[in-house]
Amino acid sequence: ATEQKKASRLVVISNRLPISIDQVEKDDGSKDWSFRMSSGGLVAALSGVKARMSFMWVGWPGGDIDEADQPVVQERLLAEHNSIPVFLDKDVADLHYNGFSNMLIWPLFHYLTDHLSFDETQWAAYQEANRHFADVVASIYQPGDLLWVHDYHLMLLPEMLRERIPGAKIGFFLHIPFPSSEIYRTLGVRKQILRGLLHSDLIGFHTSSYARHFRSACTRLLGVESTPVTVAYNHLNVRIGSFPVGINPANFVEGVKNEDVLKMEKILKSRFCKGSNDRLLLLGVDRFDYIKGLPQKLAAFEYFLKTYPEFKDRVTLVQIAVPTRTDVPEYQRLIANVNETVGRINGIYGSLRNTPLIFLNQSVTFPELCALYKLADVAIVSSIRDGMNLVSYEYVASQLEKQGVLILSEFAGAAALLNGSLIVNPWNTIEMGDAIKTALTMPMEERKQRQRDNFKYVTTFTSSHWGKTFVDTLEECTVYAYKVPNYSSSIASQLKARLRDSSKRLFVIDDDGTLIALQRSFALAKPEPETLELLKLLSAYPSSELLVVSGRDRSTLNQWFAGLSIGIVAEHGYYVHRPGAAPGEWDTPHGGEAHPWKEMVLEAFENTRDRTPGSAIELKESHMTFHYRNSDPVYGEWQAQELLIHLTLSLSNEPVDIVCNQHNRTLDVRPQGVTKSVLLHKMLEETNAYDFVLYLGGDEDIVSTLKSLSPEESVCCAVGRKLADADVYLQDHHVVHRLIANLVSSV
């Protein structure tokens, strides 16, 4: 592990550049390009780190820029805004953004499972777009750079960057919710997305609940270990954190004092309050989107007017609904539903003197927005799922004079942070309607205290604080640059050359997960005929010996490998069939004594199995194994730990080792000192004649043994997960088969 020096440059990677690009016509009729930097979003958020490092922006420039114009646009973006464009094919950009990202990931992550759409073409475009981003970032990367990837459009990018730049510091931040594992598991490419993200050094979410959902998905779907702040993946601890995004409150604290805002305030006050200080104004500001809960808000307001008629002529709800995706049929149906509700409310509860609901399906100017925030007695946020919802922050920052009350949905990320709000369940119409009454009649002292609490949070945890905190945390992360290369044709050629140049070779290969695919039931696993043929060819390699190392019992291994002239290690090294020995001839290096403790262990295993659905017991001659791979990941792990504690106490005076393998999700009780690596160590010391040793498998102890005994002569290929001291990484048993086939092709 190596600690990188202090970063001098931050490379921010987002789907879109924070720059508006337009083609304009000059006075002489020629064409030119106009570039305008956004003043909000990430630009404002990263102001907190501008003083100590430079910025490089990488993103899609938007639109369809002709290939002939791309060099000019790229040159000017770099020169004028220190930005690098990622040019995407028009169809790829559409399928990536409008297809996979927004028709599948976005609704799924917001729990809108009725609005999902998936096809392989969109998924292929998503992968291709992420690869384009990875190529561009790799081309401009400088040692010491911090790479900060943003949002759901680029969730495969960390893995692709790690392949291209193994030692880079990579951070990822998700700007939308991460759903519960039960929702997330419905995604067909769920594991690919998780693996893509887990190549980051730091993964950030808005709230701790989103981070918890992510850890749970990793545990349940990938079988990895996690703590409240890390996920263990590929022998690394990926840091997980909650970093609530904020706003720049000064924009609103000072904005409400602006002359244009004050003028607009007078106009709106005369419109809504009609000169009476007794008038009450409710405000909603949302995108016209399913997740914003507009039907739920209107239903609650209708209930409020019906239940508390004394407010009918005193209250006006102004709802701003900013149009979005108006060409999508689902949104058109939402618009029709909301418009029908608006008409019904005004028809029943309106009068010549009062319109209770003013609904604007349009954007408003910044002065209009600030004036509405300032005038509103109550703001209502009714999101049915929202990553954060910064409208609530903006309202709080604008309410220094009136001390308005914020009604906030429990399903918005902000609900966990703005403790002065009235928290409601938007699906409970009565609860939200009653909350409106509570807010309008709340004593001034309570309103002031709630506003103080919210205002303190909003002005402390600002957008710049968010950016600075994330970057500081990413800088603190230690980069474990193991740089274990993936198997490739060039590596295969190097191994073949090593074989040719050696005179005495030893092949050491694991069985389960290496030669044989892992099965849900250990009893179903067995080598395929093609696997046995490969082993036969490998064992025939001149001046070589082949040793298969296993935790299985002798009887099973005799059946599997009958007729092959190979060495076999059974039951983790308790028995060994040496290369060249007669069929069925096994040595017992540990003496083969009786094991009186087995009866007590079996009873404990059976009790735990009966209480752990999906678990199983594997009985062997020298030891026994409790399998919980098919159990609920969390409950199974908890039961295994309980079993471990019980056996540790019960067997404290017995000559046994209790080995809990959380990666394979097994618990072994075996005679003391019995391991594959110990036996291999003895065998290598007895026969110190090998000038090339090739190991294929996932046993860290075997890798350590080979690297300590013969570091120059050994090549260790980690299978299934990357190990710190391994030389090569092979993804699964299919890659192992390809490697063996390549090695024996020249025999």
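- Salt-bridge annotation for Lys292 and Asp386: present, with a side-chain N of the basic residue lying under 4.0 Å from a carboxylate O of the acidic one.
- Side-chain contact between Ile491 and Ser488: present, with at least one pair of heavy atoms (C-beta onward) separated by less than 4.5 Å.
- Taking both residues in full, the closest heavy atoms of Tyr184 and Ala217 are given as CD2-CB, 4.0 Å, listed atom of the first, atom of the second, then distance.
- Here the side chain of Asp201 pairs no donor or acceptor atom with the backbone of Gly171 at under 3.5 angstrom.
- For the pair Asp66 (side chain) and Ala68 (backbone), a donor-acceptor distance under 3.5 Å is absent.
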Which is it for Asp510 and Leu696 under the side chain to side chain contact (heavy atoms under 4.5 Å, CB included) test, yes or no, and what are the steps along the way?
CA-CA 6 Å; Asp510 285 351; Leu696 307 176; over 6 Å; no
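- Here Leu88 contributes atom CG and Asp94 contributes atom CG; the two are 11.5 Å apart, rounded to the nearest 0.5 Å.
- At a threshold of 4.0 Å, the pair Glu700-Arg721 counts as salt-bridged, since one of the basic side-chain nitrogens sits closer than that to a carboxylate oxygen.
- No donor-acceptor pair closer than 3.5 Å links the side chain of Arg185 to the backbone N or O of Arg190.
- A donor-acceptor contact shorter than 3.5 Å links the side chain of Asp89 to the backbone of Asp91.
- Two rings, from Phe288 and Tyr331, have their centers 6.0 Å or more apart.
- For Arg9 (side chain) and Tyr141 (main-chain N/O), no donor-acceptor pair under 3.5 Å exists by modelled atom type.
- At least one donor-acceptor pair closer than 3.5 Å links the side chain of Arg162 to the backbone N or O of Ala168.
- For Met56 against Leu78, the heavy-atom pair with the smallest separation is CE-CD1, 4.1 Å.
- Atom CD of Gln122 sits about 11.0 Å away from atom NE2 of His96, to the nearest 0.5 Å.
- Expressed to the nearest 0.5 Å, how far OH of Tyr628 lies from OH of Tyr635 amounts to 14.0 Å.
- Between Phe100 and Tyr126, the ring planes are tilted. Angles from 30° to 60° get that label.
- Side-chain contact between Phe35 and Arg76 is present, with heavy atoms from C-beta onward closer than 4.5 Å.
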Do Leu77 and Ile21 pass the side chain to side chain contact (heavy atoms under 4.5 Å, CB included) test, and can you show the C-alpha distance, the side-chain angles, and the key distance before you say yes or no?
CA-CA 10 Å; Leu77 281 172; Ile21 304 176; 4.1 Å; yes
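- A side-chain contact (heavy atoms from CB on, under 4.5 Å) with Ile105 holds for exactly one of His110, Met155, His153; it is Met155.
- Closest of all the heavy-atom pairs between Tyr393 and Gly246 is CE2-CA, 4.0 Å.
- Distance check, rounded to the nearest 0.5 Å: CG of Asp727 to OH of Tyr695 gives 12.5 Å.
- To the nearest 0.5 Å, the span separating CD1 on Ile193 from CD on Glu159 amounts to 10.0 Å.
- Listed here is the closest heavy atom pair of Trp57 and His81: CD1-O, 3.9 Å.
- A 4.5 Å side-chain heavy-atom check between Trp33 and Asp69 finds at least one atom pair inside the cut-off.
- Within the 3.5 Å criterion, the main-chain N or O of Pro633 finds a donor-acceptor partner in the side chain of Arg665.
- Outside the 6.0 Å centre-distance limit, the rings of Tyr729 and Tyr487 are not counted as a close aromatic pair.
- In this structure, the ring of Phe87 has its center no less than 6.0 angstrom from the ring center of His132.
- A donor-acceptor pair under 3.5 Å is absent between the side-chain atoms of Ser216 and the main chain of His213, judged by distance alone.
- Between Thr219 and Ser226, the side chains place a donor N or O and an acceptor N or O closer than 3.5 Å (distance only, hydrogens not considered).
- Taking NZ from Lys468 and CZ from Phe243, the interatomic distance works out to 12.5 Å, rounded to the nearest 0.5 Å.
- The minimum heavy-atom distance between Leu108 and Leu116, with the atom names listed, is N-CD2, 3.6 Å.
- In terms of the ring-ring contact (aromatic ring centres under 6.0 Å, His included) criterion, residue partners of His175 (sequence neighbours excluded) are, by chain and number, His150, Phe173, Trp466.
- A centroid separation of 6.0 Å or more is found between the aromatic rings of Phe205 and Tyr210.
- No side-chain donor from either of Asn15 and Tyr152 sits under 3.5 Å from a side-chain acceptor of the other.
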Pair Ile509-Ile740, side chain to side chain contact (heavy atoms under 4.5 Å, CB included): steps then yes or no
CA-CA 11 Å; Ile509 309 179; Ile740 296 175; 4.2 Å; yes
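- A donor-acceptor pair is defined here as one N or O able to donate and one able to accept, closer than 3.5 Å; no such pair exists between the side chain of Asp512 and the backbone of Leu518.
- Side chains of Met388 and Pro244 form a contact here, defined as non-hydrogen atoms less than 4.5 Å apart.
- Annotation: side chain of Ile203 is in contact with side chain of Leu198 (closest heavy-atom distance under 4.5 Å).
- Taking the side chain as every heavy atom from C-beta outward, Leu174 and Phe214 never approach each other to under 4.5 Å.
- Looking at every heavy atom in both residues, Cys477 comes nearest to Leu202 through SG-CB, 4.0 Å.
- No donor-acceptor pair closer than 3.5 Å links the side chain of Asn742 to the backbone N or O of Ala492.
- Checked for salt-bridge contact, Arg385 and Asp289 miss the test: no charged N lies under 4.0 Å from a carboxylate O.
- In this structure, the side chains of Val149 and Ser200 stay at 4.5 Å or more apart for every pair of heavy atoms.
- Between Gln192 and Trp123, some side-chain heavy-atom pair lies under the 4.5 Å cut-off.
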Please evaluate residues Leu743 and Leu694 with respect to the criterion side chain to side chain contact (heavy atoms under 4.5 Å, CB included), reporting the C-alpha separation (whole Å), side-chain torsions for both, the decisive distance (0.1 Å), and the verdict.
CA-CA 11 Å; Leu743 294 178; Leu694 176 64; 3.7 Å; yes
